[in-house]
Amino acid sequence: MQSESPFNAVPLVPLAIVAACVLIEIVFQLAGRGIIGGDTAPAWRSNAWQDFAFAPAVVTEIFERGRGSFDLWKRFLTYPFFHVSGQHLIFAAVLMLALGKFVGEKLNPFAFAILFFVSSALGALVYGLISPRNVSLVGLYPGVYGLIGAYTYMMWLALGRMGENQLKAFQLIGVLMGLLLVYSMIFGTSPTWIAEVAGFVIGLTLAPLVAPGGWRAFLARMRQR
């Protein structure tokens, strides 16, 4: 019997996003080891952060000082493709592929892309507005938490159809928040968790709009209750 590649089961959009992140990280890993790029290669990651990462200072420049250049606006969508390290990417990619399979099978590719990138962008905006420190934000995590929000909504619907306790839908985000709390107690915390929590709330809010049937189907379900 012919075995099926696990990647065949993952919809194209999440697979493409992860592939882009992996290619970028491979370049940084090779450059950091001096295999490519010459003497300046070890600085490629930090230089890329300067050009593509998001930081609360971006919000200050755009909304308080009125300096909304393309270089600043693009960071809302470019920061997810860059990571602190290979390990940082691995954990994010595993979550992205797992959630991308579940959520991506329920949404069309366009709806999935909207969900991921809007969660990433608005998560960054909330982070920029309320973060107490100007710490750079990079990585897939805010968008992944947006997918967790959509997953929670879909599980809430499924549990409702089965007549079970719908609060169980929030178990995944509860576990992740618990792990985040333990990690912060051991290693110290970074304000970037704000973007992740905001991404979850945004994904949970967007899910009824991008799910099959959209807002009308959501209102119909609410009327039936």
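This is a predicted model, so every value here is computed, not measured.
Under the 4.5 Å side-chain heavy-atom criterion for ILVMFWY residues, a single connected hydrophobic cluster contains both I130 and W193. A chain of hydrophobic side-chain contacts below 4.5 Å, direct or via other Ile, Leu, Val, Met, Phe, Trp or Tyr residues, connects L115 to L209. Both L129 and Y145 belong to a common hydrophobic cluster when Ile, Leu, Val, Met, Phe, Trp and Tyr are linked at side-chain heavy-atom distances under 4.5 angstrom. Both I26 and I36 sit in one connected hydrophobic cluster of ILVMFWY residues. Membership requires side-chain heavy atoms under 4.5 Å apart, directly or through other members. Connection of I35 to V27 is established within a shared hydrophobic cluster, with ILVMFWY side chains joined at heavy-atom distances below 4.5 Å, either directly or through further cluster members.
Annotation for G149 and L204: closest pair O-CD1, 3.4 Å, computed over non-hydrogen atoms. The minimum heavy-atom distance between N134 and A57, with the atom names listed, is OD1-N, 2.8 Å. What you find for S136 and T192 is that their closest heavy atoms are O-CG2, 3.8 Å. The nearest pair of heavy atoms linking M96 to V18 is CG-CG2, 3.4 Å. Here the closest non-hydrogen pair linking L107 and A211 is CD2-CA, 3.6 Å. Minimum interatomic distance between V59 and G128 (heavy atoms only, all atoms of both residues): CG2-CA, 3.7 Å.
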Evaluate the criterion side chain to side chain contact (heavy atoms under 4.5 Å, CB included) for residue pair L30 and W44; output intermediate values, then yes/no. CA-CA 10 Å; L30 294 175; W44 284 4; over 6 Å; no
Does the pair Y153 and T205 meet the rule for a side chain to side chain contact (heavy atoms under 4.5 Å, CB included), with working shown? CA-CA 9 Å; Y153 172 73; T205 304; over 6 Å; no
Determine, stepwise, if the pair R45 / Q29 fulfils side chain to side chain contact (heavy atoms under 4.5 Å, CB included). CA-CA 9 Å; R45 190 189 297 270; Q29 291 291 334; 3.7 Å; yes
Apply the test side chain to side chain contact (heavy atoms under 4.5 Å, CB included) to residues V210 and F112: give CA-CA distance (whole Å), side-chain angles for both, the deciding distance (0.1 Å), then the verdict. CA-CA 8 Å; V210 299; F112 184 93; over 6 Å; no
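Remark: side-chain polar atoms of W73 are paired, donor with acceptor, to backbone N or O of G68 under 3.5 angstrom. Of the possible donor and acceptor atoms, one in the side chain of S46 sits under 3.5 Å from a partner among the backbone N and O of A43. Proximity of a side-chain donor or acceptor of E25 to a complementary backbone N or O of G86 within less than 3.5 Å is detected.
Applying the ring pair (Phe, Tyr, Trp, His ring centres under 6.0 Å) definition to pairs two or more places apart or across chains, those involving residues 85-110 are H83-H88, H88-Y141, F102-Y151.
Residue-environment remark: CG (N165) exceeds the threshold of 12 foreign heavy atoms within 6.0 Å.
Residues passing the side-chain contact (heavy atoms from CB on, under 4.5 Å) test with S69, sequence neighbours excluded: D71, L72.
Of the inter-residue distances, the one linking I62 atom CD1 with R67 atom CZ reads 12.0 Å to the nearest 0.5 angstrom. In this structure, CD1 on I17 lies 5.5 Å from CZ on F81, to the nearest 0.5 angstrom. Atom CG of L125 and atom OG of S120 lie 12.5 Å apart (nearest 0.5 Å). From L147, atom CG reaches atom CG of L206 across 11.0 Å, with rounding to the nearest 0.5 Å. Note: I148 CD1 to F170 CZ = 12.5 Å, rounded to the nearest 0.5 Å. Interatomic distance, CG of L89 versus SG of C21, reported as 6.0 Å (0.5 Å rounding).
Two rings, from Y79 and F52, have their centers 6.0 Å or more apart.
With a 4.5 Å cut-off on side-chain heavy atoms, V103 and M154 count as touching. Residues P11 and P109 fail the side-chain proximity criterion, which asks for heavy atoms closer than 4.5 Å.
A salt bridge is absent between R75 and E61; no separation between the charged side-chain nitrogens and carboxylate oxygens falls under 4.0 Å.
Below 30°, between 30° and 60°, or above 60°: for F76 and F54 the angle between ring planes is between 30° and 60°, a tilted geometry.
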